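Naming: A, B, ... by sequence-line order, numbering from 1 per chain. Excluded from the calculations below are hydrogen atoms, water molecules and symmetry mates; all remaining heavy atoms, backbone and side chain alike, are included. The structure presented is a predicted model; accordingly, all values stated were derived computationally and were not measured.
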Amino acid sequence: MEIAKAYNPKEAEESHYQKWEERGYFAPEINENADAMKYSIVIPPPNVTGSLHMGHALQHTLMDALVRRKRMQGFKTLWLPGTDHASISVQRKIVEQLREEGKTPQTVGREEFLRRAWAWKELYGNTITEQMRREGASVDWSRHRFTMDESLSCAVIEVFCRLYEEGWIYRGKRIVNWCPVDKTVISDVEVKDETRKDGKLVYLQYPVKDSDKKITVATTRPETMLGDTAVAVNPSDERYKDLIGKTILLPLTNREIPIVADEYVDAEFGTGAVKITPAHDPNDYELGLRHNLEQLVIMNDDATMNANAGADFEGLDRFKAREKVIEQFEELGLLEKIEDYEISLPTCERCKNIIEPLLSEQWFCNMDEMREMALDLMRREGVPHFYPQIPNEKVYTAWLENLKDWTISRQLWWGHQIPAWYDRAGNVFVARSFEDAKAAAQNAELTQDNDVLDTWFSSALWAFSTFGWNGEVTETQDLNAFSPTDVLVTGRDIIFLWVSRMIMTTQKFVGKKAFEDVVITGTVLGKDGKPMSKSRKNGVDPLDMFDKFGVDATRIYLASIATGADIRWNDTLIETYRNFANKIWNATRFCLMNSDGAQVDYTYLNPKAEVAEIKRLIGDELIDDFDEEDEEFLDKVEPEFAKDNPKENLSIADRWIISRLNKTALDVNRALDRYEFHTAVSRLYHFFWDDFCDWYIELVKDEITSETVNTKRDAARSRILTILEQALRLLHPFMPYLTEELWQKLPNISNELHNAAYSSAEQTIMLADFPAGDAGLIDERAEAEMQAVIDVISKVRNIRAEMQIKPSDKPTIHIAAAPNAQRIFAQNEAQILKLARAESLVLSEKSDVPKASAKAVTTLAEIALPLEGLIDFEKEISRLENQLNKLETEQQRLNGQLSNANFVDRAPAEKVQEIRDRVAEIETQVTALRQNLEALK
RNA sequence: GCCGACUUAGCUCAGUGGUAGAGCGCUCGCUUCACACGCGAUAGGUCACAAGUUCAAAUCUUGUAGUCGGCACCA
C-alpha cells in the first residue's frame, strides 16, 4: 500500500465529514439498540451573524469529544446544533446597509427592514454552520434550530404570556441602561464596567436663593446638572441643617430646585451635598420618588441634549455639553475646582460605548420565583454540577441570590416582537395572538408594542424549545428522549446571561433540570496574555490554525488545556500536536508497510485466552496442578505451548503493551467521565508516543520486518496492527479525521468492530466500540520485567553517549544479575542488542569484567561495557560519581526518615515498608558503584 | 469595599499530603531501512515570601506581596 511520508491533514479533512453526515452517523437514529441509554448536549447557539472564534473551537472540541466517545460506547447520542438571532448585531448590519443607500429604518419601515434582515440571515447565517463542519463537529444537522424558527418563537410568546399572567412580567418606568449608539436599552448583565484613571470630578457651586451662600456639589457628569431637580444633604449634617427646605437657583437654567434632606447622602463623602438628577441616575431616581421630585429627561435617544436642557444646549452631544457646562460655570465664577478622579464607566458590552442611565418605560421580568427554583435545585440536589466547581458554583449562586429584575424589552425590530397591544387609551392587552388581544379589547383598535424581546429571552428557553416545546405542544418524543441534557459546555462570560436563565426557565416551564453538569471553559488568550479582541489585534483565527496545523492538531491542542483554565495562545504548543498527528500517521504507515499476511484480530491480544488454551492443551493429568497465578509453572509450559501456537505466543513486550494500553483506556475513560480532557490527552499522547512508538515498535521491529514468511512473523504483525487499531479508537474523539483516515486503511476492518448498537452501519471508526479498558489485562509482572529491560537499554545508551561511542561500534554487554532477572534479559536478548546497538550479551551472577569497562547499575542489574582503548577513565569516574551522588542523596533522605521514630510509628506501615524496600535497592546499587569506583582509582 | 483565583524549569503550563513533571527551547551525538513534524543522551527548579498544622507540605491553615477575575460602590 502506498502511503504518503507525512500526514497531510487537508486530504483527510476533505472526504470524511460528508460521508459521516450523509450516512446519518450524527443522528441518534443510527443507534439500533432500543434499550440504549441516551446522551444529549445542546450547543450554546452561536450568533447567526458570527464566525467561528477560538472560544467556539475550544467548546466544540470538548463537546465533540464527549459526544463521540458516548456514541462509540453505544449511547443514543444527540448533539443538537443551532444559532441565535442576535437582535442587536443583525440590526446593526441592516442599519449599516440602509445607511449606505442613504436610508434609515424609519424611512423604509418595519416590514422592509425585516425582509432585509431575513435575506441577510439567509445569505450569511450559514457561515458558522459551515465552519462547524470543518471542525468535524458531529452535530445532528437534521435537528438544527434557530431561535426565530416558528416553533421556538411560539415558545417565546407562550412563556412571555404565562409570566405576564402570573404577574412576573410587567411594564414600568425605571432608570435603565441606555446604549445611545445601538439606541436600545440593555440589561444589567450586558453592561461592563470599565475603570478609567483619567476621570474628572467637577465641583460646582449652586447659589442658594435669598442668601449669599452657595452649596458645592461634585459630579463626574456635569452635563446632568441641566436635569437636576434638587440638591440633597444628610439631615444630621450640621453644615447644611439650616439650608434644608430652602431653594437653589440652578445656574444655566431658569429653574429653582429644593434642598432636601435624605439619609442616602453620606456626609463624609465629597462635599456632603449631592445634586439630584432623577431621570438620569438610579440612586437619584429612588431619592426623587421619596421626595416627590420632578423627573426631567434632558437627553434624546442618541445622547444629545433635548429641549429640556435649554436652548443653549439642545442638540449638543453629551460630551460637548459637558465641556460647555464647565465653561459656563467658569465664566459665572461658580466652578470651584476640577480633580482627577478614578471612575468606572458603564459601557455597552457589545459596542463598547458609554451607557447612559436613562428614565424609560420598559418591560421587566421579576425573577423571584424562578430564582428560588434554581437555588432550590442547587441546595437540594447540587445541580448543576459545575466543572471546575470552584469558583463557578459560588459565582452562580451568589449572582442568583442578588438577582434584580431583568429588562427584557429592546428598541429593535429584529427579534420576537412583544405580544402586547395597546388601545387608544393606552390600555395594554398581552395575548398569544392579535386575535386574542382584539377579543380581550372588545375589538378596540389596537397597535402592537414596537419593541422586541432580548435575544437572551429566547436563548433562555433553548434547553427545551429546541426539543419541540412551544407552549401548545408540551410533550414531544425528543423532549422525553433527550431532556434533561447531560452536560452544557460553555464559557464563564455567559453563566449569568444564559446558563442561569436556562436553568430557571426549564425548571419552571418543563419542571426538569436543564442539564446535570456544566463545564465552564477558560478563555483562550492572545499571545500577549489578554483576551483576544479585534481592537487589540491579538486574535487567532481557528480557521487559519486548521489550515496551518490541521483540524485534528488544533482540536487535541485545545483539549489539552486544563479544564477551566485560561490559556495563552502559543503556536509552539499546537506544533507539538501537529507533530503528534504526523507521528500517528507514520507509526501507522510503518505497520501498514509490514502488514502482508496480517490483520486486525483481537484473538491475538488476549492473554486470558492463552491461559485457557494452555489449560486445554496440558490436559487432564496436569490440570489439578495448574494455577494461573503460578508464574513458574507458566514459564515452564508457555514455551512448549507456543511452539505450536504462534498466534497465542505473547512476549513480555506484548504483555507489556497490552497492559499499558488497557491502563491508558481505563485512565482515558475515567478522565473523560470527570471532564478532565487534558488528563485524557496527556495519557494518550504518552501512550502512543512513548510506549507504542518509542518502545513497542522498536522492540518488535525486527520480527515484523523479517522477510522470512511464517506464522510467527504474521502473528506479530497482526498484534501490532490490533494494538494500533485500539489506539486509534481511543484517539478518535479528539482527532476524528486522522483516525478515520488511517482506520479505513487497516486490513480486515469491518463493521464487526462496531459497538453492538451499530451493527448494520457501514464501517467507520466513529461507530467502533470505544475501548473501556480491562483491568484484568493489566499485567504488573510484565510491566516490571519490561521496565528492567528498558532500564538496561537506557543505561547502555547513556554510556554510549557519554563515552562518545560511534554508532557503528558494537560492544559486548555484561550483565550481572540474579537468576530470575537473567531469565528476563535472556528472553529479550535480541531486543536489548538491537536497541542498545551491541554485539552480544553475557549474563552472569557476579560481575567479572576487565578494568577498562564502563559501568552502570539498575534496580535488577549491574551493567558493564568493556571498552578497551575507548574508555576515558576520568570521564568514567565522574560519570559514576554523578550516579553515586544522586543515589546517596536519596539514601540519606530516606534513612533520615527511617531514623525518625515518629515517622516509623505514625506513618502507614505500607509507606514505611516502601521506603525500607527502596533503601535496600539503593544500598545494593551504591555498593556496586563504590566497588566500581574503587577499581578505577 | 466584599468575594474568589492564580504565582512551579528560560517560555507556556500539568501536578490536592509521601522520590518535583510535560511540551517547546538550550547542550551533546545521530542522513539507524515509519517519521528531521524524527531518533538517542544530558543539563536546568529553596514549587512567590513568612509563620503554622502534620511523622511528612508544591499540595492543608493563616498572613504578606504581586497578577487577574467577579460583585458592590462610584456625588
(message) Any donor-acceptor pair, under 3.5 Å, between the side chain of A:Lys583 and the base of B:C35, if you only look at N and O atoms?
(response) yes
Answer for the Watson-Crick or wobble partner of B:U53, both distances under 3.5 Å, is none
Remember a base hit wins even if backbone is also touched, and classify A:Arg221 as base, sugar-phosphate or nothing at under 4.0 Å, heavy atoms. nothing
For B:U19, the nucleotide meeting Watson-Crick or G-U wobble distances (both under 3.5 Å) is none
In this structure, CZ of A:Phe903 is separated from CG of A:Leu894 (nearest 0.5 Å) by 8.5 Å
Looking only at the aromatic ring of each residue, does the gap between the centers of A:Phe580 and A:Tyr685 stay below 6.0 angstrom? yes
Base, sugar-phosphate, or nothing for A:Trp689, non-hydrogen atoms under 4.0 angstrom? sugar-phosphate
Out of B:G18, B:A41, B:C37, minimum distance to the side chain of A:Asn582 belongs to B:C37
field: B:C26 versus B:C35 - spacing of their C1' atoms, nearest Å
entry: 24 Å
Check your understanding: Can you check whether A:Asn538's main-chain N or O pairs, donor with acceptor, with A:Trp569's side chain at less than 3.5 Å?
Key -> no
Among the nucleotides B:A14, B:C73, B:U42, whichever has the atom closest to the side chain of A:Asn798 is B:U42
How would you label the contact of A:Lys806 with the nucleic acid (heavy atoms, under 4.0 Å): base, sugar-phosphate, or nothing? nothing
### Query
Looking for any heavy atom pair under 4.0 Å, which part of the strands does A:Ile915 touch: base, sugar-phosphate only, or nothing?
nothing
Closest to the side chain of A:Arg797, out of B:G18, B:A41, B:G23, is B:A41
If pairing means Watson-Crick or G-U wobble with both distances under 3.5 Å, then the partner of B:C71 is B:G1
Identify each atom pair where a protein N or O and an N or O of nucleotides 28-30 of chain B are less than 3.5 Å apart, giving names and distance.
none

Taken to the nearest 0.5 Å, the spacing of A:Ile248 CD1 from A:Asp228 CG works out to 9.5 Å
message = Give me the distance, rounded to whole Å, that separates B:U12 from B:C68 when you measure between the P atoms they each carry.
response = 15 Å
Of the candidates B:G38, B:C74, B:C35, the side chain of A:Arg589 sits closest to B:C35
Between A:His686 and A:Thr220, the residue closer to the 5' end of RNA chain B by nearest nucleotide is A:His686
Taken to the nearest whole Å, CD/A:Glu914 to C1'/B:G17 is 14 Å
Looking only at heavy atoms, the pair that brings A:Leu738 and A:Asp552 closest together is N-OD2, 2.9 Å
Under a 3.5 Å limit on both distances, the Watson-Crick or wobble mate of B:C24 is B:G10
Quantified in whole Å, what is the P atom distance between nucleotide B:A9 and nucleotide B:U54? 30 Å
To the nearest 0.5 Å, atom CD of A:Glu190 lies from atom CG of A:Asn177 at 9.0 Å
Per atom distances to the A:Ser794 side chain, the nearest of B:G18, B:A41, B:A75 is B:A41
Whole-Å distance, A:Asp266 CG to B:C73 P, equals 14 Å
Within the 4.0 Å heavy-atom criterion, would you say A:Arg578 contacts the bases, only the backbone, or no part of the nucleic acid?
base
When we call it a touch if two heavy atoms are under 4.0 Å apart, what does A:Ala562 touch: a base, just sugar-phosphate, or nothing?
sugar-phosphate
| task | Under 4.0 Å between any heavy atoms, over every strand shown, what does A:Glu707 touch: base, sugar-phosphate, or nothing? Just pick one. | result | nothing
- Base, sugar-phosphate alone, or nothing: which one does A:Ala587 contact when heavy atoms must sit under 4.0 Å apart? base
I'd like the P distance from B:A50 over to B:U46, given in whole Å. 13 Å
Legend entry - Short side-chain to backbone donor-acceptor contact, A:Asn582 and A:Tyr7, under 3.5 Å: yes
Whole-Å distance, A:Asn392 CG to B:C6 P, equals 12 Å
Donor-acceptor pair present, A:Thr576 side chain and B:C37 base, under 3.5 Å: no
For the C1' atoms, the ones on B:C6 and on B:G15, what distance do you get once it is rounded to whole angstrom? 15 Å
Atom CZ of A:Arg568 and atom P of B:G69 are separated, to the nearest Å, by 13 Å
Notebook entry, point to check: Side-chain donor or acceptor of A:Lys911 under 3.5 Å from a matching atom on the base of B:A56?
Noted result: no
Q) When all nucleic acid strands are considered with a 4.0 Å heavy-atom cut-off, which category describes A:Lys886: base, sugar-phosphate, or nothing? A) sugar-phosphate
When rounded to whole Å, the CG to C1' distance for the pair A:Asn570 and B:A14 reads 15 Å
- Message: Whether the side chain of A:Asn900 engages the backbone of A:Gly896 through a donor-acceptor N/O pair (distance < 3.5 Å, no angle test) should be reported.
- Response: no
Q) For A:Ala901, which contact category applies under a 4.0 Å heavy-atom criterion: base, sugar-phosphate, or nothing? A) nothing
Mate of B:A58 across any strand shown (Watson-Crick or G-U wobble, both atom pairs under 3.5 Å) is none
Within the structure provided, determine whether A:Tyr240 and A:Ile259 are in side-chain contact (heavy-atom separation under 4.5 Å). no
Once you apply a heavy-atom cut-off of 4.0 Å, does A:Cys693 come out as touching a base, just sugar-phosphate, or nothing? base
Sugar-phosphate only, base, or nothing, as touched by A:Asn402 at under 4.0 Å among non-hydrogen atoms:
nothing
The Watson-Crick or G-U wobble partner of B:U42, with both key distances under 3.5 Å, is none
* Quote, to the nearest angstrom, the P distance that separates B:C73 from B:A65. => 27 Å
Distance between C1' atoms of B:G17 and B:U64 (Å, rounded): 24 Å
Please work out if A:Tyr341 contacts a base, only the sugar-phosphate, or nothing of the nucleic acid, heavy-atom cut-off 4.0 Å.
sugar-phosphate
- Task: Please measure how far the P atom in B:C11 lies from the corresponding atom in B:C49, and state the result in whole Å.
- Result: 16 Å
NE2 of A:His280 to CD of A:Glu356, rounded to nearest 0.5 Å, is 7.0 Å
Under a 3.5 Å limit on both distances, the Watson-Crick or wobble mate of B:A48 is B:U64
Any strand, both distances under 3.5 Å, Watson-Crick or G-U wobble: B:U31 pairs with none
Whichever of A:Ser344 and A:Ile793 has the more 5' nearest nucleotide on RNA chain B, that residue is A:Ile793
(Q) Between A:Arg578 and A:Ala553 (side chain of the first, backbone of the second, donor and acceptor by atom type, cut-off under 3.5 Å), is there such a pair? (A) no
By the 4.0 Å heavy-atom rule, please label A:Lys530 as base, sugar-phosphate, or nothing. nothing
